[in-house]
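Taking it in order: structure first as C-alpha coordinates, then the write-up.
Every chain is numbered from 1 and lettered A, B, ... according to where its sequence line falls, protein lines coming before strand lines.
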2 protein chains.
Amino acid sequence: MLRLSTRGQYGVRAMFEIARGWPHRPVSLKEVSRRQDVSVAYLEQLLGKLRRAGLVVSVKGPGGGYLLSRPPERISIGSILKELEGPVALTACVQDPRKGCVRVEGCVTSLLWRALGQRIEQFLDTITLADLLNTNALRRQVRKEAQSA
Amino acid sequence: MLRLSTRGQYGVRAMFEIARGWPHRPVSLKEVSRRQDVSVAYLEQLLGKLRRAGLVVSVKGPGGGYLLSRPPERISIGSILKELEGPVALTACVQDPRKGCVRVEGCVTSLLWRALGQRIEQFLDTITLADLLNTNALRRQVRKEAQSA
DNA sequence: AAAATACTTGACAAATTTGCTCAGGTATTT
DNA sequence: AAATACCTGAGCAAATTTGTCAAGTATTTT
Ligand code: FES
Ligand code: FES
(Lines give C-alpha, C1' and ligand atoms only; values in the text may rest on other atoms or scores of the structure.)
(Ligands and ions follow the chains in the order given, each with its own letter.)
Protein backbone atom coordinates (compact mmCIF):
# COMPACT_ATOMS: atom_id res chain seq x y z
CA MET A 1 0.00 0.00 0.00
CA LEU A 2 0.93 3.62 -0.44
CA ARG A 3 3.17 3.03 -3.40
CA LEU A 4 5.09 5.99 -4.76
CA SER A 5 4.75 6.20 -8.55
CA THR A 6 7.80 5.98 -10.76
CA ARG A 7 7.32 9.63 -11.65
CA GLY A 8 8.20 10.54 -8.09
CA GLN A 9 10.95 7.99 -7.71
CA TYR A 10 12.66 8.85 -10.99
CA GLY A 11 12.16 12.53 -10.35
CA VAL A 12 14.02 12.43 -7.06
CA ARG A 13 16.80 10.32 -8.52
CA ALA A 14 17.13 12.72 -11.44
CA MET A 15 17.29 15.67 -9.09
CA PHE A 16 19.99 13.88 -7.16
CA GLU A 17 22.09 13.58 -10.30
CA ILE A 18 21.49 17.21 -11.21
CA ALA A 19 22.43 18.23 -7.68
CA ARG A 20 25.84 16.65 -8.21
CA GLY A 21 26.61 19.32 -10.80
CA TRP A 22 25.85 22.15 -8.39
CA PRO A 23 26.71 24.96 -8.53
CA HIS A 24 28.48 25.21 -11.90
CA ARG A 25 28.10 22.20 -14.15
CA PRO A 26 24.78 21.70 -15.98
CA VAL A 27 23.80 18.03 -16.10
CA SER A 28 22.20 16.75 -19.30
CA LEU A 29 19.31 14.32 -19.37
CA LYS A 30 21.50 12.04 -21.42
CA GLU A 31 23.85 11.78 -18.46
CA VAL A 32 21.01 11.28 -15.98
CA SER A 33 19.56 8.63 -18.26
CA ARG A 34 22.86 6.79 -18.45
CA ARG A 35 23.46 6.84 -14.70
CA GLN A 36 19.93 6.10 -13.55
CA ASP A 37 18.70 3.89 -16.39
CA VAL A 38 15.62 5.94 -17.24
CA SER A 39 14.75 6.97 -20.82
CA VAL A 40 15.54 10.51 -21.90
CA ALA A 41 12.00 10.96 -23.20
CA TYR A 42 10.49 10.18 -19.83
CA LEU A 43 12.95 12.39 -18.01
CA GLU A 44 12.06 15.26 -20.33
CA GLN A 45 8.48 15.00 -19.20
CA LEU A 46 9.46 15.04 -15.54
CA LEU A 47 12.08 17.74 -15.69
CA GLY A 48 9.72 19.96 -17.66
CA LYS A 49 7.43 20.03 -14.68
CA LEU A 50 10.24 20.66 -12.26
CA ARG A 51 11.54 23.50 -14.40
CA ARG A 52 8.14 25.15 -14.65
CA ALA A 53 7.90 24.81 -10.87
CA GLY A 54 11.15 26.70 -10.53
CA LEU A 55 13.20 23.94 -8.95
CA VAL A 56 15.70 23.80 -11.81
CA VAL A 57 16.80 26.04 -14.64
CA SER A 58 17.76 24.77 -18.07
CA VAL A 59 20.77 25.59 -20.21
CA LYS A 60 20.38 24.95 -23.92
CA GLY A 61 22.92 23.96 -26.49
CA PRO A 62 26.00 21.79 -26.34
CA GLY A 63 27.31 21.39 -22.81
CA GLY A 64 23.88 22.36 -21.57
CA GLY A 65 21.54 20.57 -19.24
CA TYR A 66 19.83 21.34 -15.98
CA LEU A 67 21.02 23.21 -12.92
CA LEU A 68 19.45 23.53 -9.49
CA SER A 69 17.78 26.90 -9.14
CA ARG A 70 18.97 27.17 -5.53
CA PRO A 71 21.33 25.38 -3.13
CA PRO A 72 20.62 21.68 -2.58
CA GLU A 73 19.94 22.24 1.11
CA ARG A 74 17.00 24.41 0.12
CA ILE A 75 15.30 21.83 -2.09
CA SER A 76 13.37 19.28 -0.09
CA ILE A 77 12.31 15.87 -1.33
CA GLY A 78 8.76 16.90 -0.51
CA SER A 79 8.88 19.87 -2.87
CA ILE A 80 10.00 17.60 -5.72
CA LEU A 81 7.32 15.01 -5.08
CA LYS A 82 4.61 17.64 -4.74
CA GLU A 83 5.28 18.93 -8.23
CA LEU A 84 5.31 15.49 -9.81
CA GLU A 85 2.54 13.79 -7.88
CA GLY A 86 0.51 16.52 -6.25
CA PRO A 87 0.14 17.14 -2.53
CA VAL A 88 0.10 14.35 0.01
CA ALA A 89 -3.57 13.37 0.26
CA LEU A 90 -4.28 9.92 1.63
CA THR A 91 -8.00 10.36 1.00
CA ALA A 92 -10.12 12.53 -1.26
CA CYS A 93 -11.66 14.29 1.73
CA VAL A 94 -8.33 15.56 2.98
CA GLN A 95 -7.75 17.38 -0.29
CA ASP A 96 -11.30 18.47 -1.00
CA PRO A 97 -13.69 18.95 1.94
CA ARG A 98 -16.70 18.51 -0.36
CA LYS A 99 -15.67 14.92 -0.98
CA GLY A 100 -16.15 13.74 2.58
CA CYS A 101 -18.01 10.57 3.49
CA VAL A 102 -21.74 10.98 3.12
CA ARG A 103 -24.23 9.72 5.65
CA VAL A 104 -21.59 9.83 8.38
CA GLU A 105 -21.77 12.26 11.27
CA GLY A 106 -18.29 13.61 11.89
CA CYS A 107 -16.26 10.89 10.20
CA VAL A 108 -13.82 9.42 12.70
CA THR A 109 -11.23 8.16 10.30
CA SER A 110 -10.64 11.45 8.52
CA LEU A 111 -8.81 12.63 11.63
CA LEU A 112 -6.47 9.70 11.23
CA TRP A 113 -5.65 10.21 7.57
CA ARG A 114 -5.09 13.86 8.14
CA ALA A 115 -2.66 13.20 10.99
CA LEU A 116 -0.70 10.59 9.08
CA GLY A 117 -0.55 12.84 6.05
CA GLN A 118 0.93 15.61 8.14
CA ARG A 119 3.61 13.32 9.52
CA ILE A 120 4.56 12.16 6.03
CA GLU A 121 4.71 15.70 4.76
CA GLN A 122 6.82 16.78 7.68
CA PHE A 123 9.30 14.01 7.02
CA LEU A 124 9.57 14.73 3.31
CA ASP A 125 9.98 18.45 3.86
CA THR A 126 12.80 17.84 6.32
CA ILE A 127 15.03 15.82 4.00
CA THR A 128 16.74 17.79 1.25
CA LEU A 129 18.95 17.10 -1.74
CA ALA A 130 21.92 18.07 0.40
CA ASP A 131 21.14 15.09 2.61
CA LEU A 132 21.24 12.82 -0.42
CA LEU A 133 24.61 14.22 -1.42
CA ASN A 134 26.03 13.45 2.00
CA THR A 135 24.96 9.95 2.85
CA ASN A 136 26.52 10.11 6.29
CA ALA A 137 24.37 13.06 7.20
CA LEU A 138 21.37 11.26 5.76
CA ARG A 139 21.99 8.21 7.87
CA ARG A 140 22.22 10.40 10.95
CA GLN A 141 19.02 12.18 9.98
CA VAL A 142 17.19 8.96 9.31
CA ARG A 143 18.30 7.54 12.62
CA LYS A 144 17.07 10.62 14.42
CA GLU A 145 13.70 10.47 12.67
CA ALA A 146 13.37 6.80 13.46
CA GLN A 147 13.97 7.40 17.16
CA SER A 148 11.48 10.21 17.53
CA ALA A 149 8.77 8.09 15.88
CA MET B 1 0.48 11.46 -3.91
CA LEU B 2 0.34 8.41 -1.71
CA ARG B 3 -3.36 7.96 -1.98
CA LEU B 4 -4.97 5.22 0.07
CA SER B 5 -7.33 3.15 -2.07
CA THR B 6 -11.00 2.89 -1.20
CA ARG B 7 -10.43 -0.73 -0.24
CA GLY B 8 -8.37 0.42 2.69
CA GLN B 9 -10.57 3.36 3.56
CA TYR B 10 -13.82 1.41 3.44
CA GLY B 11 -12.20 -1.50 5.23
CA VAL B 12 -11.22 0.61 8.20
CA ARG B 13 -14.62 2.28 8.31
CA ALA B 14 -16.33 -1.09 8.18
CA MET B 15 -14.15 -2.41 10.97
CA PHE B 16 -15.07 0.65 13.00
CA GLU B 17 -18.76 -0.19 12.64
CA ILE B 18 -18.14 -3.81 13.52
CA ALA B 19 -16.13 -2.75 16.54
CA ARG B 20 -19.19 -0.92 17.83
CA GLY B 21 -20.91 -4.30 18.31
CA TRP B 22 -18.10 -5.63 20.45
CA PRO B 23 -18.15 -7.89 22.36
CA HIS B 24 -21.63 -9.36 21.91
CA ARG B 25 -23.60 -8.03 18.98
CA PRO B 26 -22.71 -9.22 15.45
CA VAL B 27 -22.95 -6.41 12.92
CA SER B 28 -24.34 -7.26 9.49
CA LEU B 29 -22.94 -5.89 6.27
CA LYS B 30 -26.38 -4.50 5.59
CA GLU B 31 -26.00 -2.30 8.64
CA VAL B 32 -22.46 -1.28 7.75
CA SER B 33 -23.62 -0.50 4.25
CA ARG B 34 -26.44 1.69 5.54
CA ARG B 35 -24.26 3.60 7.96
CA GLN B 36 -21.19 4.04 5.76
CA ASP B 37 -22.82 4.23 2.32
CA VAL B 38 -20.82 1.42 0.75
CA SER B 39 -22.46 -1.39 -1.26
CA VAL B 40 -22.94 -4.75 0.44
CA ALA B 41 -21.31 -6.54 -2.50
CA TYR B 42 -18.12 -4.53 -2.13
CA LEU B 43 -18.06 -5.00 1.63
CA GLU B 44 -18.40 -8.75 1.19
CA GLN B 45 -15.22 -8.72 -0.83
CA LEU B 46 -13.35 -6.75 1.81
CA LEU B 47 -14.65 -8.55 4.87
CA GLY B 48 -13.89 -11.89 3.27
CA LYS B 49 -10.22 -10.97 3.29
CA LEU B 50 -10.35 -9.71 6.84
CA ARG B 51 -12.07 -12.88 8.00
CA ARG B 52 -9.52 -15.12 6.30
CA ALA B 53 -6.84 -13.03 7.99
CA GLY B 54 -8.42 -13.74 11.35
CA LEU B 55 -9.36 -10.18 12.25
CA VAL B 56 -13.10 -10.92 12.41
CA VAL B 57 -15.32 -13.97 12.74
CA SER B 58 -18.63 -14.38 10.96
CA VAL B 59 -21.99 -15.46 12.31
CA LYS B 60 -24.40 -16.83 9.74
CA GLY B 61 -28.17 -16.76 9.65
CA PRO B 62 -30.67 -14.17 10.81
CA GLY B 63 -29.26 -11.82 13.40
CA GLY B 64 -25.81 -12.75 12.16
CA GLY B 65 -22.98 -10.60 10.91
CA TYR B 66 -19.37 -10.00 11.84
CA LEU B 67 -17.67 -9.84 15.21
CA LEU B 68 -14.14 -8.75 16.10
CA SER B 69 -11.97 -11.78 16.78
CA ARG B 70 -10.25 -9.96 19.66
CA PRO B 71 -10.62 -6.77 21.68
CA PRO B 72 -10.57 -3.52 19.67
CA GLU B 73 -7.42 -2.35 21.43
CA ARG B 74 -5.61 -5.32 19.93
CA ILE B 75 -6.55 -4.60 16.31
CA SER B 76 -4.41 -1.88 14.78
CA ILE B 77 -5.30 0.15 11.73
CA GLY B 78 -2.08 -1.10 10.20
CA SER B 79 -3.14 -4.72 10.50
CA ILE B 80 -6.38 -3.97 8.65
CA LEU B 81 -4.68 -2.06 5.86
CA LYS B 82 -1.98 -4.70 5.44
CA GLU B 83 -4.58 -7.34 4.69
CA LEU B 84 -6.46 -5.21 2.21
CA GLU B 85 -3.62 -3.44 0.46
CA GLY B 86 -0.49 -5.41 1.24
CA PRO B 87 2.48 -4.19 3.26
CA VAL B 88 3.65 -0.61 3.21
CA ALA B 89 6.10 -0.46 0.31
CA LEU B 90 6.76 2.94 -1.16
CA THR B 91 8.95 1.42 -3.87
CA ALA B 92 9.29 -1.98 -5.48
CA CYS B 93 12.81 -2.37 -4.12
CA VAL B 94 11.69 -2.09 -0.50
CA GLN B 95 9.41 -5.06 -0.96
CA ASP B 96 11.58 -7.13 -3.27
CA PRO B 97 15.37 -6.65 -3.13
CA ARG B 98 15.72 -8.10 -6.65
CA LYS B 99 13.81 -5.10 -8.01
CA GLY B 100 16.35 -2.47 -7.02
CA CYS B 101 17.57 0.21 -9.36
CA VAL B 102 19.97 -1.15 -11.93
CA ARG B 103 23.18 0.56 -12.92
CA VAL B 104 23.30 2.40 -9.58
CA GLU B 105 25.93 1.69 -6.98
CA GLY B 106 24.25 1.66 -3.58
CA CYS B 107 21.10 3.60 -4.44
CA VAL B 108 20.86 6.61 -2.16
CA THR B 109 17.14 7.09 -2.26
CA SER B 110 16.22 3.57 -1.19
CA LEU B 111 17.40 4.51 2.30
CA LEU B 112 14.88 7.31 2.27
CA TRP B 113 11.88 5.27 1.17
CA ARG B 114 12.71 2.61 3.65
CA ALA B 115 12.89 5.10 6.51
CA LEU B 116 9.64 6.81 5.60
CA GLY B 117 7.93 3.46 5.22
CA GLN B 118 8.99 2.49 8.70
CA ARG B 119 7.60 5.68 10.15
CA ILE B 120 4.27 5.16 8.42
CA GLU B 121 4.09 1.59 9.58
CA GLN B 122 4.90 2.58 13.10
CA PHE B 123 2.13 5.14 13.13
CA LEU B 124 -0.47 2.78 11.72
CA ASP B 125 0.47 0.00 14.11
CA THR B 126 0.09 2.35 17.08
CA ILE B 127 -3.49 3.40 16.41
CA THR B 128 -6.15 0.76 17.11
CA LEU B 129 -9.88 0.37 16.70
CA ALA B 130 -10.22 1.24 20.39
CA ASP B 131 -8.83 4.67 19.55
CA LEU B 132 -11.49 5.14 16.90
CA LEU B 133 -14.19 4.20 19.41
CA ASN B 134 -12.96 6.85 21.81
CA THR B 135 -12.42 9.98 19.80
CA ASN B 136 -11.08 11.86 22.78
CA ALA B 137 -8.31 9.35 23.23
CA LEU B 138 -7.66 9.51 19.51
CA ARG B 139 -7.27 13.24 19.57
CA ARG B 140 -4.80 12.90 22.43
CA GLN B 141 -2.90 10.21 20.57
CA VAL B 142 -2.78 12.20 17.38
CA ARG B 143 -1.53 15.23 19.22
CA LYS B 144 1.22 13.18 20.82
CA GLU B 145 2.29 11.71 17.50
CA ALA B 146 2.30 15.13 15.91
CA GLN B 147 4.59 16.50 18.62
CA SER B 148 7.12 13.73 18.40
CA ALA B 149 7.38 14.20 14.64
C1' DA C 1 25.92 29.12 -42.62
C1' DA C 2 25.68 24.46 -41.26
C1' DA C 3 25.94 20.95 -37.95
C1' DA C 4 25.56 19.28 -33.51
C1' DT C 5 23.75 19.38 -28.99
C1' DA C 6 20.12 19.52 -25.92
C1' DC C 7 15.97 21.38 -24.06
C1' DT C 8 10.41 21.84 -25.14
C1' DT C 9 5.78 20.56 -26.13
C1' DG C 10 1.84 17.91 -26.86
C1' DA C 11 -0.31 13.85 -28.34
C1' DC C 12 -1.03 9.20 -27.77
C1' DA C 13 -1.11 4.23 -26.41
C1' DA C 14 -0.15 -0.02 -23.84
C1' DA C 15 -0.32 -1.95 -19.31
C1' DT C 16 -1.91 -1.89 -14.81
C1' DT C 17 -4.80 -0.84 -11.03
C1' DT C 18 -9.01 0.53 -9.11
C1' DG C 19 -13.57 0.16 -7.91
C1' DC C 20 -16.79 -1.87 -8.24
C1' DT C 21 -21.15 -5.43 -9.87
C1' DC C 22 -23.26 -9.90 -10.54
C1' DA C 23 -24.62 -14.70 -10.26
C1' DG C 24 -24.95 -18.38 -7.76
C1' DG C 25 -23.81 -20.78 -3.65
C1' DT C 26 -23.80 -22.25 1.67
C1' DA C 27 -25.09 -22.07 6.54
C1' DT C 28 -28.35 -20.88 10.26
C1' DT C 29 -32.50 -19.63 12.43
C1' DT C 30 -37.52 -19.22 12.71
C1' DA D 1 -39.85 -24.10 3.96
C1' DA D 2 -38.79 -19.44 4.16
C1' DA D 3 -35.96 -15.84 5.47
C1' DT D 4 -31.58 -13.98 6.65
C1' DA D 5 -26.92 -13.29 5.85
C1' DC D 6 -22.45 -14.84 4.84
C1' DC D 7 -19.31 -16.75 0.78
C1' DT D 8 -16.90 -17.22 -3.76
C1' DG D 9 -15.15 -16.22 -8.08
C1' DA D 10 -15.68 -14.08 -12.36
C1' DG D 11 -15.98 -10.19 -14.91
C1' DC D 12 -15.69 -5.41 -16.39
C1' DA D 13 -15.55 -0.23 -17.20
C1' DA D 14 -13.04 3.71 -15.83
C1' DA D 15 -9.05 5.77 -14.22
C1' DT D 16 -4.24 5.95 -13.69
C1' DT D 17 0.33 4.85 -14.69
C1' DT D 18 4.20 4.50 -17.47
C1' DG D 19 5.94 5.40 -20.75
C1' DT D 20 6.97 6.51 -26.37
C1' DC D 21 7.04 9.51 -30.44
C1' DA D 22 7.25 13.41 -33.50
C1' DA D 23 8.22 17.81 -34.39
C1' DG D 24 9.74 21.60 -32.77
C1' DT D 25 13.22 25.78 -30.55
C1' DA D 26 17.49 27.67 -28.71
C1' DT D 27 22.51 27.67 -28.38
C1' DT D 28 27.13 26.70 -29.42
C1' DT D 29 30.82 25.07 -32.36
C1' DT D 30 33.06 24.61 -36.73
S1 FES E 1 -14.73 12.13 5.57
FE2 FES E 1 -12.78 11.45 4.90
S3 FES E 1 -12.68 9.39 5.49
FE4 FES E 1 -14.70 10.03 6.08
S1 FES F 1 17.14 0.66 -5.25
FE2 FES F 1 15.17 1.33 -4.58
S3 FES F 1 15.09 3.39 -5.21
FE4 FES F 1 17.00 2.68 -5.96
Sugar-phosphate, base or nothing in reach of A:Gly64, heavy atoms under 4.0 Å:
sugar-phosphate
Check whether any side-chain N or O of B:Ser69 sits under 3.5 Å from a backbone N or O of B:Leu55 as a donor-acceptor pair, and report yes or no.
yes
Is the distance from OP1 or OP2 of C:dT8 to the nearest side-chain N or O of A:Arg52 less than 4.0 Å?
no
With distance as the sole test, does A:Arg13 use its side chain to make a donor-acceptor pair with the main-chain N or O of A:Gln36 at under 3.5 Å?
yes
Whole-Å distance, B:Leu43 CG to C:dC20 C1', equals 11 Å
Sorted by number, the residues of residues 80-94 of chain B with heavy-atom contact under 4.0 Å to DNA chain D:
none
What's the NZ-P distance between B:Lys30 and D:dC7, to the nearest Å?
17 Å
Minimum heavy-atom separation for A:Leu43 to A:Ala14, with atom names?
CD2-CB, 4.0 Å
Closest listed nucleotide, where the reference is the side chain of B:Ser58 and the choices are C:dT8, C:dA6, D:dC7
D:dC7
Residue whose nearest DNA chain D nucleotide is more 5′ - B:Pro62 or A:Pro62:
B:Pro62
Smallest separation among heavy atoms of A:Ser110 and A:Cys93, with atom names:
CB-SG, 4.2 Å
B:Lys49 atom NZ is separated from D:dT8 atom C1', nearest whole Å, by 13 Å
Do NZ/NE/NH1/NH2 and the carboxylate oxygens of B:Glu31 and B:Arg25 come within less than 4.0 Å?
yes
Sequence-distant partners of A:Val88, side-chain contact (heavy atoms from CB on, under 4.5 Å), two or more places apart
A:Ile120, A:Glu121, B:Met1
Which part of the nucleic acid, if any, lies within contact of B:Leu29, taking any heavy atom under 4.0 Å across all strands shown: a base, the sugar-phosphate backbone alone, or nothing?
sugar-phosphate
Between B:Arg51 (CZ) and D:dC6 (P), how many Å, whole number?
11 Å
Identify which nucleotide among D:dC7, C:dA6, D:dA5 has an atom closest to any side-chain atom of B:Tyr66, counting heavy atoms from C-beta outward.
D:dC7
Roughly how many Å is it from CD in A:Gln9 to C1' in D:dT17, rounded to a whole number?
12 Å
Carboxylate-amine/guanidinium contact A:Asp125 A:Lys82, below 4.0 Å:
yes
Under 3.5 Å, is there a donor-acceptor pair between the side chain of B:Ser76 and the main chain of B:Thr128?
no
Report yes or no: does B:Glu85 contribute a side-chain atom to a donor-acceptor pair with the main-chain N or O of B:Gly8 at less than 3.5 Å?
yes
Value in whole Å for how far the P atom of D:dT16 lies from CE of B:Met1
17 Å
Identify each atom pair where a protein N or O and an N or O of nucleotides 18-24 of chain D are less than 3.5 Å apart, giving names and distance.
residue: D:dT18; atom: OP2; partner: A:Thr6; partner atom: N; Å: 2.9
residue: D:dT18; atom: OP2; partner: A:Thr6; partner atom: OG1; Å: 3.3
residue: D:dT18; atom: O5'; partner: A:Thr6; partner atom: OG1; Å: 3.2
residue: D:dG19; atom: OP2; partner: A:Tyr10; partner atom: OH; Å: 3.2
residue: D:dG19; atom: N7; partner: A:Gln45; partner atom: NE2; Å: 3.3
residue: D:dT20; atom: OP2; partner: A:Ser39; partner atom: OG; Å: 2.4
residue: D:dT20; atom: O4; partner: A:Gln45; partner atom: NE2; Å: 3.1

If I take atom CD in residue A:Glu31 and atom C1' in nucleotide C:dC7, what distance separates them, rounded to the nearest angstrom?
15 Å
Could you check whether A:Arg3 gets within reach of a base, just the sugar-phosphate, or nothing at all, counting any heavy atom under 4.0 Å?
nothing
